[in-house]
Amino acid sequence: MTRSGIVTVVGKPNAGKSTLLNRIVGQKLSIISAKPQSTRDRILGIHTAGDIQMVVLDTPGLLAPRYELQRVMRSTALKALADADVVVYLADATTGTPEPLHEAAQIERAPNVPVILALNKMDLVGDTARASLALGNPEARFISAATGDGVDALLSDVGSRLPDSPFLFPEADVATQSVRFFAAELVRETALEQLEDEVPYSVACDIEEFRETRSPVYIRAVIYVERDSQKAILIGQAGARIREIGRASRVKIEELIGAPVYLDLWVKVLANWRRNERSMKRFGYRTTEGSDR
Ligand code: GDP
Ligand code: MG
């Protein structure tokens with residue numbers, strides 16, 4: 001019998017979400033790209049170990065004050081929370097006991113699934129503070145995403161609370177995915193963030209070259225759109241927008257792989273790629289509806 005499910009990681013900015021996710025990526029996660037229907041969801045990776053598989057989702061903006069007014073972001077984040085089988089609520093232990101998740105997220109009640117509180121940055125917390133945190137939060141997992149302390153225990157806790165289920169993604173699929181796909185996903189996500197709703201579903205990204213043996217790591221990426229008019233929007237006045245997309249994407253990819261990156265970014269028109277199964281596959285989309293989440 002296998003267990004499999006969606007694990008959603010929530011936490012305030014600076015709690016250490018990226019650090020935790022990168023650590024897990026560095027160990028066992030493989031990266032996949034999200035399906036096009038959920039352009040603003042972020043599937044961060046799939047972690048398969050033994051007979052347990054977790055699909056890890058991020059909830060951009062759920063607890064980030066600057067996103068509070070962006071209803072779309074918030075409703076997507078709330079959906080990710082509702083879709084979760086297990087929620088990991090990550091909090092910075094150096095700031096004391098966190099408020100309950102439903103208060104931090106300004107929702108009426110806690111999600112209807114197990115919520116695991118993980119207190120992060122324990123490497124910065126002294127014994128006395130640790131003892132009082134333990135007293136006040138008997139259920140919490142104490143971790144350091146930076147050193148890896150407690151992360152395995154957290155993962156096995158998460159795994160034990162996932163539902164009995166066949167793997168959501170075939171193992172073979174997962175094995176063939178790589179950081180390259182996630183890099184493409186980050187470029188696409190960045191383009192979408194900066195385009196608001198002008199052309200969202202028409203944007204795809206393909207990584208044509210990814211040379212990790214160089215420093216900086218050389219990545220050539222192409223953003224595909226369906227029409228010339230969309231290409232013009234993406235490029236912007238005197239190339240200002242594409243430069244900003246490139247800069248912001250590069251920062252995210254550097255954060256993901258932990259090394260300096262040279263991102264060579266291009267925009268091309270590929271008419272009707274969304275209606276073309278081969279293009280969809282090329283961009284890492286699963287083309288059969290209903291077989292994933
Ligand atoms: P995010 O905003 O939730 O994604 O947080 P980040 O992962 O970007 O981390 C915010 C800051 O906290 C960064 O400077 C990290 O290096 C640092 N950080 C994250 N986890 C730990 C930890 O376990 N220990 C220490 N000392 N620093 C951490
Ligand atoms: Mg982050």
Side-chain angles (χ1 to χ4, degrees), residues 7-29 31 34 40-45 47 54-68 70 73-74 76-78 80-81 84 86-101 103-106 115-134 137 140-158 179 182-183 185-187 189-190 193 247-261:
V7 179
T8 295
V9 179
V10 296
K12 292 194 169 170
N14 220 38
K17 295 180 298 297
S18 301
T19 308
L20 176 63
L21 293 161
N22 286 346
R23 170 159 291 279
I24 301 172
V25 168
Q27 290 172 351
K28 289 156 197 147
L29 265 169
I31 301 305
R40 288 176 198 267
D41 288 355
R42 225 197 208 184
I43 296 184
L44 286 164
H47 166 98
M54 40 188 104
V55 178
V56 184
L57 287 193
D58 193 7
T59 53
L62 182 60
L63 303 185
R66 72 191 164 96
Y67 286 126
E68 258 165 33
Q70 297 184 19
M73 291 288 281
R74 183 168 163 81
T76 304
L78 289 174
L81 206 58
V86 174
V87 173
V88 173
Y89 175 24
L90 190 69
D92 182 342
T94 64
T95 60
T97 291
E99 54 193 332
L101 176 59
E103 280 174 27
Q106 295 175 22
V115 175
I116 300 174
L117 173 62
L119 293 176
N120 187 32
K121 309 194 188 181
M122 289 308 293
D123 55 299
L124 300 178
V125 173
D127 290 346
T128 319
R130 185 185 179 107
S132 90
L133 280 170
N137 305 277
R141 286 274 165 199
F142 290 163
I143 69 166
S144 168
T147 67
D149 239 31
V151 172
D152 283 344
L154 172 66
L155 287 178
S156 66
D157 195 5
V158 169
V179 80
F182 193 33
E185 185 59 10
L186 286 177
V187 173
E189 176 194 80
T190 307
E193 277 168 9
R247 191 202 57 79
S249 310
R250 177 183 51 74
V251 169
K252 291 184 189 180
I253 297 170
E254 286 177 338
E255 190 184 350
L256 170 72
I257 66 178
V261 165

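FYI, the numbering just counts along the sequence from 1. Keep in mind that the numbers below use all heavy atoms, side chains included, and drop hydrogens, waters and symmetry copies. For ligands, and for the atoms within them, numbers begin at 1 and follow the listed sequence. Just so you know, these numbers come straight off a predicted model, no measurement behind them.
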Exercise. Between Thr147 and ligand 1, is there a nitrogen or oxygen pair with a distance under 3.5 Å?
Worked result: no

For this session: Mark up the atoms of ligand 1 that fall under 4.0 Å of a heavy atom belonging to Lys17, in ascending order.
Result: 1 (P), 2 (O), 3 (O), 4 (O), 5 (O), 7 (O)

For this session: Provide the number and element of each atom of ligand 1 under 4.0 Å from a heavy atom of Lys12.
Result: 3 (O)

For this session: Ignoring hydrogens, just give me the one of Val125, Thr94, Asn14, Asp92 whose non-hydrogen atom is nearest atom 10 (C) of ligand 1.
Result: Asn14

Seminar exercise, completed: The atoms of ligand 1 lying under 4.0 Å from a heavy atom of Ala145, numbered in the order shown, are 20 (N), 23 (O)

Exercise. Does Ala91 have any side-chain contact (heavy atoms from CB on, under 4.5 Å) partners at least two apart in sequence or in another chain, and if so, which?
Worked result: Pro98, Leu117, Leu119

Problem set entry | Sub-3.5 Å N/O-N/O distance, Leu124 and ligand 1 | no

Exercise. Judged by atom type as modelled, is there a donor-acceptor pair below 3.5 Å linking the side chain of Asn120 to the main-chain atoms of Ala145?
Worked result: yes

Problem set entry | Closest non-hydrogen atom pair between Met54 and Leu155, with its separation | CE-O, 3.5 Å

Exercise. What are the two closest heavy atoms between Gly96 and Leu133, and how far apart are they?
Worked result: C-CD2, 3.9 Å

Seminar exercise, completed: Residues passing the salt bridge (Lys or Arg N to Asp or Glu O under 4.0 Å) test with Arg130, sequence neighbours excluded, are none

For this session: Answer with side chain, backbone, both or neither: which part of Asn120 has a heavy atom less than 4.0 angstrom from an atom of ligand 1?
Result: side chain

Problem set entry | Contact summary for Pro260 and Glu254, nearest pair of heavy atoms | CA-OE2, 3.4 Å

Problem set entry | Contact (N/O only, under 3.5 Å) between Gly16 and ligand 1 | yes

Problem set entry | Expected output: side-chain Lys17 to main-chain Lys12 donor-acceptor under 3.5 Å | yes

For this session: Please determine if Ala15 has a nitrogen or oxygen closer than 3.5 Å to a nitrogen or oxygen of ligand 1.
Result: yes

